[in-house]
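Quick note on labels: first sequence line is chain A, next is B, and so on, each numbered from 1.
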2 protein chains.
Amino acid sequence: MSERPLMVIPQPTLKRLVVYHQWLKQLQERGRDVVSCTVLARDFKLDATQIRKDLEIAGIAGTPRVGYRIDAVIASIESLLGWTNVNDAFLAGVGNLGAALLGYERFTRQGVNIIAAFDLDPAKIGTKIHGKPVFSLTKMAPLAQRMKIKIGILTVPAPAAQTVADLMIAGGIEAIWNFAPTALQVPEPIVVESVSLASSFAVLLNQLQHQRHKTT
Amino acid sequence: MSERPLMVIPQPTLKRLVVYHQWLKQLQERGRDVVSCTVLARDFKLDATQIRKDLEIAGIAGTPRVGYRIDAVIASIESLLGWTNVNDAFLAGVGNLGAALLGYERFTRQGVNIIAAFDLDPAKIGTKIHGKPVFSLTKMAPLAQRMKIKIGILTVPAPAAQTVADLMIAGGIEAIWNFAPTALQVPEPIVVESVSLASSFAVLLNQLQHQRHKTT
DNA sequence: TTTTAATAGCGATTTTTTTCTTTATTCATA
DNA sequence: TATGAATAAAGAAAAAAATCGCTATTAAAA
């Protein structure tokens, strides 16, 4: 499918590229055409060289005295990340967070399309949330198999996470985006990426404490 | 306040400690008393030495042939992260994600207590969501000042993020937990920690693609 | 044209983070 | 009490990531 040689992209770089992408989209809407590393470095409080290296890894070239063409950078990042073809996904667990993700339209532009949600709560089953149908969890595995869904989003409470992950795997899902604060045990080829909001907040608290000690 | 020397904790370590903490809590509920690095390494698919180093940084000692006392590790991590005293916070932007965070009770056990939310939508102002009152955004800065709130959670749409961040700073807020996919420009002592769901998902997609190339 | 200033590019260096290796400790068992 | 096995501890090595210093390129200004 992709023409790219599929080299290994350092994970920090990968994450930053996504962030650059979001920002460049905004700059583009404001009518900007090109942007320099220097400017990006200031915006993101990063080292300009680091941004240059990141873009280099993404296979993007700039021109001296001018910078990088924003549209070219955006296109390169999107192709690198595989956002050009959208992946269908199932979401399990229509709680607060699950429902929020169902309504997050931006995802479609970032390579993921949630086509159905699953839950145990009879009050939710049969309804639509943000336009996405909610089915019984018991139907997830067979449906995933039939529709060849490869991506599962896990937004169930921690105690249920392992069980539901097992269901996903039984349905042929190969990649799990895990929001449950737990360690998932999955067999070899299955890919898990966990989001830990608590970790992020801990970093914030830690920085705040350091900042306070610095100024006192 | 804290007795700890406030040394610098590597950010990757900090994030992992939070994840260990969540898992250890679960092990504890299942009646486990001690745990070894070897077991944790298997659970998290990490290197055992790395976990040992992480715990060492957190100032935790284990005993050979046995492992680490789970309660001691939990207590150490909580004190290290400052979860022993809870920080009050304001949340701006009661959209899908904002509302979800308001209902996330676990936060209180992780050092943050959202005491009020703010929005522009008149339909939301004056109501309570998950028990938290929603006020007009115009009241955020003065209230933050009066109540000496130091932490702001930013869940507004990207175009509004900078403006609302400025409001927070005007109200004396020192740390911003940013969920908007944008780069915030803030003055020196202000701390920003951004959560990029899209970055996390990009990592998942990337791993999935690599996994596929490996097996084919 | 020539000069100047801003910028990307590239290799080298440094720092940080992870992993490996070896040693020491502790518990269980004989 | 000795022995063996599992584990933590500590230091060394390796790998990864970030940063620095310099060069080359380009556009604008003189």
Side-chain angles (χ1 to χ4, degrees), chain A residues 7-20 24 27 32-77 80 196 199 202-203 206-207 210, chain B residues 7-20 24 27 32-74 76-77 80 194 196 199 202-203 206-207 210:
Chain A
M7 63 178 169
V8 174
I9 306 159
Q11 212 173 87
T13 294
L14 188 62
K15 291 189 173 182
R16 281 192 300 267
L17 283 173
V18 175
V19 176
Y20 301 157
L24 292 174
L27 291 183
R32 296 286 306 271
D33 220 43
V34 290
V35 70
S36 76
C37 283
T38 325
V39 172
L40 284 178
R42 187 171 37 70
D43 291 346
F44 288 109
K45 296 188 178 63
L46 294 175
D47 191 89
T49 311
Q50 185 171 63
I51 293 176
R52 226 175 282 139
K53 297 276 184 197
D54 287 343
L55 297 181
E56 192 184 321
I57 284 170
I60 304 160
T63 54
R65 193 64 215 265
V66 175
Y68 297 86
R69 290 199 56 79
I70 291 183
D71 53 5
V73 178
I74 289 177
S76 270
I77 294 178
L80 184 74
S196 172
S199 287
V203 170
N206 192 251
Q207 287 181 318
H210 275 279
Chain B
M7 63 180 170
V8 174
I9 306 157
Q11 213 173 84
T13 294
L14 187 63
K15 291 189 172 181
R16 281 192 299 266
L17 284 173
V18 175
V19 175
Y20 302 157
L24 292 173
L27 291 183
R32 297 285 306 271
D33 221 41
V34 291
V35 71
S36 76
C37 284
T38 326
V39 172
L40 284 178
R42 185 171 39 70
D43 292 345
F44 289 109
K45 297 187 176 63
L46 294 175
D47 190 271
T49 311
Q50 184 172 63
I51 293 177
R52 225 173 280 137
K53 297 275 185 198
D54 287 343
L55 297 181
E56 189 185 323
I57 284 170
I60 304 160
T63 54
R65 193 62 217 269
V66 176
Y68 297 85
R69 290 200 55 80
I70 290 183
D71 53 3
V73 178
I74 288 176
S76 270
I77 294 178
L80 183 73
S194 293
S196 172
S199 287
V203 170
N206 192 251
Q207 287 182 319
H210 276 279

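Rounded to whole angstrom, the span from the CZ atom of A/R65 across to the C1' atom of C/dT4 amounts to 8 Å. Per the geometry, CD1 belonging to B/I60 stands 17 Å off C1' belonging to D/dA10, to the nearest Å. Between B/K53 atom NZ and C/dT16 atom P the separation is 16 Å, expressed in whole Å. Between A/D47 atom CG and C/dT15 atom P there is a gap of 14 Å when expressed in whole angstrom units. When rounded to the nearest whole Å, the span between CD1 of B/I57 and C1' of C/dT17 equals 9 Å. Residue A/Q50 contributes atom CD, which lies 13 Å from atom C1' of C/dT15 at whole-angstrom precision. Rounding to whole angstrom units, CD of residue A/E56 and P of D/dA17 are separated by 15 Å. The CG-P distance, from B/L55 to D/dA9, rounds to 9 Å in whole Å.
B/T13 comes within contact range of no nucleotide atom at all, as no heavy-atom separation falls under 4.0 Å. Note on B/A61: only backbone sugar-phosphate atoms sit closer than 4.0 angstrom, heavy atoms only; bases stay farther off.
Proximity of A/R16 to the phosphate of D/dA17: no side-chain N or O atom is located under 4.0 Å from OP1 or OP2. Remark: A/T49 is not in phosphate contact with D/dT19, judged by side-chain N or O atoms under 4.0 Å from OP1 or OP2. Listed pair A/R52 / D/dC20 fails the phosphate criterion, with no side-chain N or O lying under 4.0 Å from OP1 or OP2. Using a 4.0 Å cut-off, some side-chain N or O of B/Y68 falls inside it from OP1 or OP2 of D/dA9.
Set against D/dA8, D/dT26, C/dC10, the side chain of B/C37 has D/dA8 as its closest nucleotide. Taking only side-chain atoms of A/P12, from C-beta outward, the nucleotide of D/dT19, D/dA17, C/dC20 with the closest atom is D/dA17.
The main-chain N or O of A/G67 is never found under 3.5 Å from a side-chain atom of A/S36 such that the two would form a donor-acceptor pair.
Minimum heavy-atom separation, A/L17 to A/D54: CD2-O, 4.0 Å. Of all heavy-atom pairs between B/V73 and B/L24, the closest is CG1-CD1, 3.3 Å. Between A/D47 and A/A41, the closest heavy-atom pair is C-CB, 4.1 Å. What you find for A/Y68 and A/C37 is that their closest heavy atoms are CE1-SG, 3.3 Å.
Remark on DNA chain C: of its neighbouring residues B/P10 and A/V39, the 5'-side contact belongs to A/V39, judged by nearest-heavy-atom nucleotide. Both B/T63 and A/P64 sit near DNA chain D, but only B/T63 has its closest nucleotide nearer the 5' end.
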